[in-house]
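One structure is given below, encoded as structure tokens.
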Amino acid sequence: MGYTLLFFFILLQSLNLFAISTTLMPNFYSHTCPKAEFIVKEVMKKAMKRETRSIASVMRLQFHDCFVNGCDASLLLDDTPNMLGEKLALSNIDSLRSYEVVDDVKEALEKACPGVVSCADLLIIAARDAVVLSGGPYWKVKLGRLDSLTASQEDSNQIMPSPRSNATYLIDLFSRFNLSVQDLVALSGSHSIGKGRCFSIVFRLYNQSGSGRPDPAIEPSFREKLDKLCPLGGDGNVTGDLDATPELFDNQYFKDLVNGRGFLNSDETLFTNSITREYVKEYSVDQERFFKDFAEGMVKMGDLQSGRPGEIRRDCRVVNSHRPRVEVLFETSNKKG
């Protein structure tokens, strides 16, 4: 009896780890976890009540996850003695946050539907809900992803852009993922909500391109405001608003870029570059078009996949084989044999 149970358990684990993901589709959990999207939204609402900024932070997790080997929740894995994950990568350390909100969402999903909803899908749903709860557009999310079995700090360092990036670099980066210039500008509108760190802009204020001078694209009165917020030699972890309405998802971000009031270099460069400028100008006067293009861009980004083996993690921070209860099940089965 013990060996039978052990074999059955190993078989289940094998099917879970190496199953090939089906085609992504809306309503993927309609039978296995019909309340999945409702559960995610309710937890996100509670997180927003505790701290408005937290849901903007959760939305950005999708970007940092999907660009590195596809949307597989590799970003959420904690480091292990044998693996340096993505959380401490250059573009993520001291920047990404609100992992505890993801933990809360996963806990609620596991209570309702154990072992059903992947962490990768959780991020896709939560990112959409962050936008909606902040006043932005709704779109149907496609689901059915598996969670990765590993993560790579090196891959993240090689792929993710820095706040210093210019439009030319960003256009090339997005094109590698079959994302267009329009997708780049629309998705940059994710900075309609949230905050950024002084560390990310101090070079713009005091030494743009090694000139020893501020970025000439910054509107003078806005630069004075940023100088006070982020003095040379000050605390790099102080945060500033990414646009003038940081808690509302709208097209103010693009209006700010047109007026030279973009917070990050990678934001303002979208207006100073002739290839991306027309999209910025269009979105600054047409919020409905921005909303439509942003939603379409999020769906396209969500389609990025690695094709690697995966699983449905029970804890988004660790792969299932690292969880103590797996070892206990093996031990119990062996004793029965």
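Residue numbers count from 1 along this sequence.
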If you take all heavy atoms of [X] and [Y], which pair is closest and at what distance?
X	Y	result
Ser156	Glu86	CB-CG, 4.0 Å
Asp79	Gly85	OD1-N, 2.6 Å
Ala89	Gln153	CA-CG, 3.9 Å
Pro163	Leu264	CB-CD2, 4.1 Å

Around [X], counting heavy atoms of other residues, nucleotides and ligands shown, do more than 12 lie under 6.0 Å from its [atom1]?
X	atom1	value
Glu247	CD	no
Lys41	NZ	no
Arg213	CZ	no
Glu100	CD	yes

Check ion pair [X]-[Y] (N to O, under 4.0 angstrom):
X	Y	answer
Glu110	Lys106	yes
Arg128	Glu37	yes
Asp72	Arg145	no
Lys195	Asp243	no

Side chains of [X] and [Y] in contact at under 4.5 Å (non-hydrogen atoms):
X	Y	answer
Glu268	Ile218	no
Leu76	Arg317	no
Asn237	Phe199	no
Thr269	Tyr169	no
Phe291	Glu296	no
Glu107	Asp103	no
Asn265	Gln208	yes
Ile312	Leu146	yes

Tell me, with the steps shown, if Ser221 and Glu219 meet side chain to side chain donor-acceptor pair (under 3.5 Å).
-> CA-CA 6 Å; Ser221 64; Glu219 190 271 327; 2.5 Å; yes
Calculate, to the nearest 0.5 Å, the distance between atoms [atom1] and [atom2] belonging to [X] and [Y] respectively.
X	Y	atom1	atom2	value
Asp227	Tyr206	CG	OH	4.0 Å
Cys33	Ile39	SG	CD1	5.0 Å
Ser98	Arg60	OG	CZ	10.0 Å
Leu149	Asp147	CG	CG	9.0 Å
Glu51	Ser57	CD	OG	6.5 Å
Leu133	Phe249	CG	CZ	12.5 Å

Using modelled atom types only, decide if a donor and an acceptor are shared between the side chain of Ser134 and the backbone of Ala130 within a distance under 3.5 Å.
-> yes
Any cation-pi pair here, Arg164 with Phe203, using under 6.0 Å and within 45°?
-> yes
Honestly, is Lys87 close enough over Tyr99, meaning NZ or CZ under 6.0 Å from the six-membered ring centre and within 45° of the axis?
-> yes
With side chain to side chain donor-acceptor pair (under 3.5 Å) as the test, would you mind laying out the steps for Tyr283 and Asp293 before giving the verdict?
-> CA-CA 9 Å; Tyr283 294 151; Asp293 291 351; 2.6 Å; yes
Determine the interplanar angle of the His191 and Tyr253 rings, folded into 0 to 90°, and report it as parallel if under 30°, tilted if 30 to 60°, perpendicular if over 60°.
-> perpendicular
Relative to the ring of Phe290, is the ring of Phe254 parallel (under 30°), tilted (30 to 60°) or perpendicular (over 60°)?
-> perpendicular
With Asp65, the side chain to side chain contact (heavy atoms under 4.5 Å, CB included) member among Leu304, Ile124, Leu123 = Leu123
